[in-house]
Amino acid sequence: MAGAAGGFLTRALESMLKECSPKKYGELQKAIQTYLDSTKETTQQSTSTEKIQSSSSAGDGSSNDATDAEAVKDGNNIDGSSSTQHTAEDLVTKPVATGGAITTALASAGHTLKGTEVELVLQPLRLAFETKNLKLVEPALDCLHKLIAYDHLEGDPGVEGGKNAEQFTDILNMVCGCVDNSSSDSTILQVLKVLLTAVASTKFRVHGEPLLGVIRICYNIALNSKSSVNQATSKAMLTQMISIVFRRMETDQITQDSPLSSDAHAQTETTEGDGSISNNVEITLDDQNGKGIILGDALSINRGKDTPLAFVEELQNLAGGADIKGLEAVLDKAVHLEDGKKITRGIDLDSMSMGHRDALLLFRTLCKMGMKEENDEVTIKTRLLSLELLQGLLEGVSHSFTKNFHFIDSVKAYLSYALLRSSVSQSPVIFQYATGIFTVLLLRFRESLKGEIGVFFPLIVLRSLDSSDSPLIQRTSVLRMLEKVCKDPQMLVDIFVNYDCDLEAANLFERMVTALSKIAQGTFNADPNSVTASQTTSIKGSSLQCLVNVLKSLVDWENSRREFEKQNGNTQFTDEDVSTRESNDLRNREEGPSNFEKVKAHKSTIEAAVSEFNRQPGKGIEYLISNKLVEYKPASVAQFLRNTPSLDKAMVGDYLGQHEEFPLAVMHAYVDSMAFSEMKFHTAIREFLKGFRLPGEAQKIDRIMEKFAERYCADNPGLFKNADTAYVLAYAVIMLNTDAHNPMVWPKMSKADFIRMNTMSDAEESAPKDLLEEIYESIVKDEIKMKTDRTGLGKSSKQKPETEERGRLVSILNLALPRRNSVTDTKSESEDIIKQTQAFFRTQGVKRGIFYTAQQIELVRPMVEAVGWPLLATFSVTMEEGDNKPRVLLCMEGFRAGIHITRVLGMDTMRYAFLTSLVRFTFLHAPKEMRSKNVEALRTLFSLCDAESDSLQDTWNAVLECVSRLEFITSTPAIAATVMQGSNQISRDGVLQSLKELAGRPSEQVFVNSVKLNSDSVVEFFKALCGVSAEEMKQTPARVFSLQKLVEISYYNMARIRMVWARIWSVLANHFISAGSHHDEKIAMYAIDSLRQLGMKYLERAELTNFTFQNDILKPFVILMRNSRSETIRALIVDCIIQMIKSKVGNIKSGWRSVFMIFTAAADDELESIVESAFENVEQVILEHFDQVVGDCFMDCVNCLIGFANNKTSHRISLKAIALLRICEDRLAEGLIPGGALKPIDVDADIAFDVTEHYWFPMLAGLSDLTSDPRSEVRNCALEVLFDLLNERGRKFSSAFWESIFHRVLFPIFDHVRHAGRDNLASSNDEWLRETSIHSLQLLCNLFNTFYKAFLLGDSNLMGQKFENCMRSSKELYEIN
C-alpha cells in the first residue's frame, strides 16, 4: 500500500529533482533533497525499529501539534508577493523522525500529515509552482491533487485561526497562480483537477476567500481559455463546486441547529414608522474587516508579485460591480414581515455556520457577477456564465432549501437586482436566462418570494406579452417559459389565490391568460415588416399551447383534489396549508374556500367600478356607492380617488372639476386631505398634480387651482398676503410647465417673462422674486408629471401618439406626458423601468405576506370564470383562420378540457358555449367548405360523446344533427362529391375517407353509450333524437336514419327502471304517432313496424296487477288505427297486434285494453279483410284465453264484441260476435269476472249494491241497440239473446237494476215505433213493425209476467204506468197488438 499510496510523492520529487538546475532552482533542489533524505533513512531501518520509530513519531507529532501550529502561525507571514517559506535547513532538524511519520502517513489513504510534516511535503511543491516551469509545475500539481484526494492534508483554508489555514490558503493561491494567458492546456486541466478535489474534500475544507478565489480562477478559465475542452471542463467543475457548497449547507442545516435561525431571531426588532433597517445591520459592501466581510472584498484575493498586471486587471474586471454598489442595499431594505417585524439582512458572517457562510458568499457573488453591465465581450461572457450557474444552482438545490426562508431572505436583494438587470437587458441571451431564473423562482421558490414575484411577473411576463415594443425573441422566450409554467397546476392555482384574490395585487393569472389569448388570436402588436409568417405562426402556436396547458392543468388539479378528497373521506377541506415566511415549516390555517371566492368577487366588483369610472366618472361613483364600496360621503369618495392606482388620472381630474354639489364637495375633501406644510410652492404643486390630470376646461381648472391655493395658504400662513397670489402663481406655474415642455409652443417663455407675469401693481401682493426664480428654474429643469403607475409595467400602453396628445393640451395645459427623444430608445426605457422598480422597493417595499398553498377544489370555478371566455374566443378564432394541423389539434385539446371542467363545475352557460362552438366547426351543414380541421372537430365531438357523455346535456340535439348529417353525406354520393369543393383530389379523398371512418364505429358509439347516461340525460337524448328524426322526415326524400336509431337505443335502454321508461315513452309515443301518420306510406309503415318491435320487446317484461304501462306502450297503435286513412296502414297495425298477441299472449296484462280498442276500431273498418282478421283474433282470445281477459279489460272486450256485432261488412261476423257476447255473459254469471274493479257511478248508491251489475249493463245495452239493425237475422238473434239473458239471469238483479234495464235497455227498443208514427215512416219500417216489434213485445210481456213478483216488490204502479204510456204512444202498435 505504501508503494501505491505514498510512493507517488517520492517518484514525482525524484523526477522533478532531475529537472532542477542547481543554479536556477537551488532552493527547490535543496527542499526536494531534504524530503528524499528523510524518507531514505527511514526505509533503511528494520521492521521492528520502524514500528517503534513510527509510533514514536506519531506521538511526537500529536504532542507537538500546538507547538507546530504556533510555529506556523509565527513563522508564516503571508504578504502580497510570495508566501513565507521554511528553509531547507529548518526542515532537517529531525529528518529521521519526521521522515518516518511522513512515510507512515503516506502509506495508507486517509492518514493525515501532522505539524512540520505538512511543511516538509508542501515546501517542494510550493517552490515548484514558483518556477513556472511546465516540467516542474505539472508533477507538483499532480502530487498536490493526490495528497488532497487521499486525505493526507487536513485543514481549513479561509478560516481565521483554522488548522493549517495559512499554509493551505497560500498553496491554493499558488495553484491558482499557475494559470495565466501562457499556460498550457494540460496545466490548466491539472489545476482544475486540484481545485475541484480541494473543494470536494471533507478534510481539506476550503472556505471564504480561498473558495471564492477557486471560483474566480475557474471563471477565468471558462471564459478565456482557448481550448474548448478546458472551457467545458471548467464550466462543469464550477457547477460541481457550487453544488457541493450548497449540499454542505443543507447538510449543516439538517445535522445541527443552524446558528442563522437563532441569530436572526435575536437580531429581529420591531420597526418604527418607516420600517427601515437600522444602520448596525445594514449590508456594508465596502467593509474590509475580515470579521464583517460580506462581498466587497470577496473576489479581491491577493496575488503574487510575479502575476502579470493585465491578468490581475482582467480578474478584477470579472469580479467588478462597483457601479451598482448602492442598489443592493436599496433592494435589501425592502423585504418586511407581514406583522410589521423585519429580518436583518447584514447578518455577521461569523455568526453563521461555515456551510451557510460559504453558500451565502457564493450566491451573492454569482448574483453580482450577473449584474454587470455589457460593456465588452468579456463582461458579457462573465454575466452569461454567472446567470447560467445561478439558474443551475436554483434548479439543483433540494426541496428543503426552497423552504430555507432565512437564507433566501439574506440573498433575495442580490437575486432581485440581478434578475431586474437581466429582465430589462436588450441581449436576447441574457433575457432568456432571466426567464429561466424566474421560471425556477415561480416553480420552486414562490412561497419564499411572494412579493418579488408580484413585481417581476408583470415586468418579465406581462410586459413582454403586452408591449408592442418588446422584441420578438423576448416574447418567444417568455412563451417558452410559460409553456413550462402552465403545466404546473398547483402553481397556477397558487398564483390565482395569492395575487388575483388579493385586493392589493394585480390579476396576474387573468392578465396572463388574456395576453396569451390576444397573441394566439393574432391581435398582438408587432412590426409587420420585422415579423415573418413563420415567426407569427410559431408565436401563435406557443401562445395556444400555453392556453391549452392552463386548461389541462385546471382539469388535472381538480381531478387530483377530488381524488385526494375521496381517499381521505372528506367532502370539504377546512384546514389549509399556509406557507409563512417566518419559519421553514408549513403551518395549518383554517381558511374556507369561500373566503378566497369572496375576496375575488369583491375585487372583481372593485375592478368593475374602476372600469365604469374610467368610462364615465359620475356613473362609476354611483356604482361604488350602490355596491357599498364607499360611503355616500365626500371624504370617503376622495379617499378612494387618492388611493386607487388603477383609476384613469384624466377621469379623476375631470370628476374633480365638475361643478355639481357632490363632486365639488369631493374635490374639496380631496384637496383638504393633503398636507403642504413647510413645502415649497413648486414642490407642493408637483405633489398635488401627481394624482390626476388637469381637465380640459378652463372653468374646471379654475375651481381646482382655487381650492389648491386656499389649502396651501392655510398650511403655510404668512407666505403670501392672500390666497389670490397663490392662485395666480399656480396658474403661472401650469402655463410655464406647458410652455417649457411642449415642442409645439414657440417661442419659449423666459425667466423675465415669468417674473413679469407674476408681478402685480401692489408689491406686497406679489410673490418674492427669489421664489419666482427658484420656481422657474425648477419647472424648466424638471417637468411636472403624474406619478407613474407601477402596474403599468405589465400593461399594454395603447396611448395616442405623443405629438397628438401634447397638441390636444396646447390650448389648455400640459402636465402629464414625459418627453422622450425616441420611441425606440430602449436603453432609456430599460433605465426607466429599473428606476421605477427601485423606487417601488424603496418607498413601499415588498410585503412578506402569507403565501397560501391552495387546496380547495372550489377555487377552480372562479379561475375558469375569469379566463373561460378568452380561451373560448381564442380556440374559435384559431379554428376559423386556418388549417394548421398542430394548432387545430391544440384547439381540440382545449375544447375537450374546457367542456370537461365546465361540466364538473356545473357552469352550464360556458359549457353550452364550448359545445356549440365545437359543433359549429364540424361544418357538416356546409360540406363544400369542409376541411381537415372540421374532421378533427367532428372526431373530438365523438370522443366527447364517448368519454364525457354527461357533459352534452342540452346540446344533444346539435350533436345528433351532426351524426345525421354525417350519415347523409357519406351515404349520398351526390353530396359526398361536393365535399371540399375546389381542393385537390388527394385532400378530398382523405377527408372523405376520414368521414366514412367516423360514420362507422365512432358514430355508432354515440348511441351505444346512451346506456351510460343518467336518467335526466337519457331523456334529453331521446328528445333530441326524436327532434332530429322529425327533421329528417321533413326532408325530400324523407329519411329514417334517426328513427332507426331510436329503436336501437330503446333496445339498449330497455333495462332502465319503469319510472325512467315512462318519461322516455312519453317522448317516443308522440314521435311514433307523428311518424306513423306520415304522408309517405313507406315512412309510416317503417314507424309502425318500429313501434311493433318496441312493443314486443317491452312485453317480454312481466307486469304486475294494477299497473298500466303496457297499455301506455300500445296506445300509439290505438291512435294511429283511429286516425289513419290508409287501408294499408290500418291492415299493418292489425297484423302487428295479431303478431304480438300470438307471441306474447301470456305476458299481456293491462295491454289488453289497448288491444281491444284497436280491434274495436278495426270492427268499424270498411275493408272486410281487416274486419275478418281482427275478429278471428278476438274470437280466438275469448275462446282460448278468456281467463286472462278479466277485470278492467272485460268491459273493453264487451265493447269490442258489440262493435263487431254492429259491423256492416259481414252479418256472419255480427252473429258470431253476438254468440261470443253470450259466452261472456255465461262467464260473468259463473263469477269468473272479479268484482270491485269498477266503482258505482253514483257515489250515493247503496253500499250493498252488486257492482257486477255494471258488467251486465254494457252487454244488455249493446244487444238492445242491435235490435234495430237492418239485418233481420242479426236483430232477431240479438232479441233472442237479450231476453234469454234477462230470463236466465234476472233473478239476481235488484229492483233498481231492473228499473234501469226497462228504461235504458227495453223501452228504447220501441223508440223506432214512436218515431215511425210521428214521422210517417211506417212504410220504411213495415218489416220491423211486422216482425220485430211483435216479437219484442211478446218477449217483453213474457219477461214481465215472469218477474212480476220482483217488479211488485218494487214500485209496480210506476212501472206499469210507464209501460202503458209506452204502448199508447203508438197507434200502430195497438192495432198490431
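What you are looking at is a predicted structure, and each value in this text was computed from that prediction instead of being measured. Count residues from 1 along the sequence.
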(message) I'd like to know if the side chain of Ser1124 and the backbone of Met1121 have a donor-acceptor N/O pair within less than 3.5 Å.
(response) no
(request) Could you tell me which non-hydrogen atom of Val979 sits nearest to which non-hydrogen atom of Met930, and how far apart they are? (result) CG1-CB, 4.4 Å
(message) Counting C-beta onward and ignoring hydrogens, is there a side-chain heavy-atom pair between Phe1072 and Val1047 closer than 4.5 Å?
(response) yes
(message) Has Ser1066 got a side-chain atom pairing as donor or acceptor with Arg1063's backbone, closer than 3.5 angstrom?
(response) yes
(request) Please round to the nearest 0.5 Å and tell me the distance separating atom CD1 of Ile1202 and atom CG of Asn1199. (result) 5.5 Å
(request) Flag the pair Glu1031 and Arg965 as a salt bridge only when some basic side-chain nitrogen lies within less than 4.0 angstrom of an acidic carboxylate oxygen. (result) no
(request) Verify, without hydrogens or angle tests, whether Ser1029 (side chain) and Cys1026 (backbone) share a donor-acceptor contact under 3.5 angstrom. (result) no
(request) Have a look at Leu941 and tell me which of Val959, Thr955, Leu924 forms a side-chain contact (heavy atoms from CB on, under 4.5 Å) with it. (result) Val959
(request) Could you tell me whether Arg1130 and Glu1166 have a side-chain N and a carboxylate O separated by less than 4.0 Å? (result) no
(request) Kindly determine whether Val963 and Glu967 satisfy side-chain contact (heavy atoms from CB on, under 4.5 Å), including the steps that lead there. (result) CA-CA 6 Å; Val963 178; Glu967 190 276 339; 5.8 Å; no
(message) Taking Glu893 first and then Arg896, would you say they form a salt bridge - that is, a charged N and a carboxylate O separated by under 4.0 Å?
(response) no
(message) Taking Glu1032 first and then Lys1045, would you say they form a salt bridge - that is, a charged N and a carboxylate O separated by under 4.0 Å?
(response) no
(message) Distance check, rounded to the nearest 0.5 Å: Leu1099 atom CG versus Leu1094 atom CG?
(response) 10.5 Å
(message) Are more than 12 heavy atoms, taken from residues, nucleotides or ligands other than Tyr912, located less than 6.0 Å from that residue's OH atom?
(response) no
(request) For the pair Cys1200 and Phe1204, evaluate side-chain contact (heavy atoms from CB on, under 4.5 Å) and give the outcome as yes or no after the intermediate values. (result) CA-CA 6 Å; Cys1200 178; Phe1204 278 108; 3.4 Å; yes
(message) Distance alone, cut at 3.5 Å: any donor-acceptor contact between the side chains of Glu961 and Asn957?
(response) yes
(request) Please report the closest heavy-atom contact between Phe1159 and Ala1174, naming both atoms and the distance. (result) CD2-CB, 3.6 Å
(request) Output yes when a side-chain donor or acceptor of Asn1009 lies under 3.5 Å from a complementary backbone atom of Lys1012, and no otherwise. (result) no
(request) Would you give the length of the straight line joining atom CG of Asn1123 to atom CD1 of Ile1073, rounded to the nearest 0.5 angstrom? (result) 8.5 Å
(request) Kindly say whether Leu1013 contributes a backbone atom to a donor-acceptor pair with the side chain of Ser949 at under 3.5 angstrom? (result) no
(request) Give, for atom CD1 of Ile975 and atom NZ of Lys928, the distance between the pair rounded to the nearest 0.5 Å. (result) 9.0 Å
(request) Begin with the C-alpha distance, continue with both residues' side-chain angles, and end with the deciding distance and a verdict on side-chain contact (heavy atoms from CB on, under 4.5 Å) for Ile1182 and Leu1201. (result) CA-CA 10 Å; Ile1182 292 174; Leu1201 291 175; 3.4 Å; yes
(message) To check you understand the geometry: which heavy-atom pair defines the closest contact between His1078 and Met1033, and what is its length?
(response) NE2-O, 2.9 Å
(message) side-chain contact (heavy atoms from CB on, under 4.5 Å) for Leu1220 and Ile1223? Distances and angles first, verdict last.
(response) CA-CA 5 Å; Leu1220 291 175; Ile1223 293 176; 3.9 Å; yes
(request) Report yes or no: does Ser1074 contribute a side-chain atom to a donor-acceptor pair with the main-chain N or O of Asn1070 at less than 3.5 Å? (result) no
(message) Looking at Asp1164, is its backbone amide N or carbonyl O close enough to the side chain of Asn1207 to form a donor-acceptor pair, meaning the two atoms are under 3.5 Å apart?
(response) no
(message) With a 3.5 Å distance limit and no angle check, can you tell me whether Asn1276 reaches the backbone of Glu1273 through a side-chain donor-acceptor pair?
(response) no
(message) For a quick check under 3.5 Å, do Ser1210 and Glu1172 share a side-chain donor-acceptor pair by atom type?
(response) no
(message) I'd like to know if the side chain of Thr972 and the backbone of Ile969 have a donor-acceptor N/O pair within less than 3.5 Å.
(response) no
(request) Identify the heavy atoms of Val1171 and Ala1162 that sit nearest to each other, and give their distance. (result) CG2-O, 3.4 Å
(request) Verify the distance criterion only: is there a donor paired with an acceptor across the side chains of Gln1093 and Asp1089 at less than 3.5 Å? (result) yes
(message) Please give me the minimum heavy-atom distance between Trp1065 and Asp1112, naming the atom from each residue.
(response) NE1-O, 3.0 Å
(request) For residues Ile1170 and Ala1131, report the shortest heavy-atom separation together with the two atoms involved. (result) CD1-N, 3.8 Å
(request) Would you check if Leu960 and Ser1042 make a side-chain contact, meaning some heavy-atom pair closer than 4.5 Å? (result) no
(message) Tell me if the CG atom of Leu1183 is crowded by more than 12 foreign heavy atoms within 6.0 Å.
(response) yes
(message) Taking the basic N atoms (NZ, or NE/NH1/NH2) and the acidic carboxylate oxygens, is any pair closer than 4.0 Å for Arg911 and Asp954?
(response) yes
(request) For the residue pair Asn1177 and Lys1142, establish whether any side-chain heavy-atom pair is separated by less than 4.5 Å. (result) yes
(message) Could you check whether atom NZ of Lys996 has more than 12 heavy atoms from other residues, nucleotides or ligands sitting under 6.0 Å from it?
(response) no
(request) Could you check if a side-chain atom of Met1085 sits within less than 4.5 angstrom of a side-chain atom of Ile1088, using non-hydrogen atoms only? (result) no
(message) In this structure, is the centre-to-centre distance between the rings of Phe1007 and Tyr1052 below 6.0 Å?
(response) no
(request) Would you mind reporting whether Arg887 and Lys933 have side-chain heavy atoms less than 4.5 Å apart? (result) no
(request) Measure the shortest side-chain to side-chain distance between Trp1152 and Gln1110 over non-hydrogen atoms and say whether it is less than 4.5 angstrom. (result) no
(request) Classify the angle between the aromatic ring planes of Phe875 and Phe895 as parallel (below 30°), tilted (30 to 60°) or perpendicular (above 60°). (result) tilted
(message) So, taking the atom named OG in Ser1010 and the one named CZ in Phe1022, what distance separates them when rounded to the nearest 0.5 Å?
(response) 6.0 Å
(message) With a 3.5 Å distance limit and no angle check, can you tell me whether Trp956 reaches the backbone of Val1018 through a side-chain donor-acceptor pair?
(response) no
(request) With rounding to the nearest 0.5 Å, note down the distance linking CD in Gln993 to CG in Leu998. (result) 10.0 Å
(request) Decide yes or no for Asn934 and Arg931: does some side-chain heavy atom of the first lie under 4.5 Å from some side-chain heavy atom of the second? (result) yes
(request) Taking the side chain as every heavy atom from C-beta outward, state whether Met879 and Arg920 have any atom pair closer than 4.5 Å. (result) no
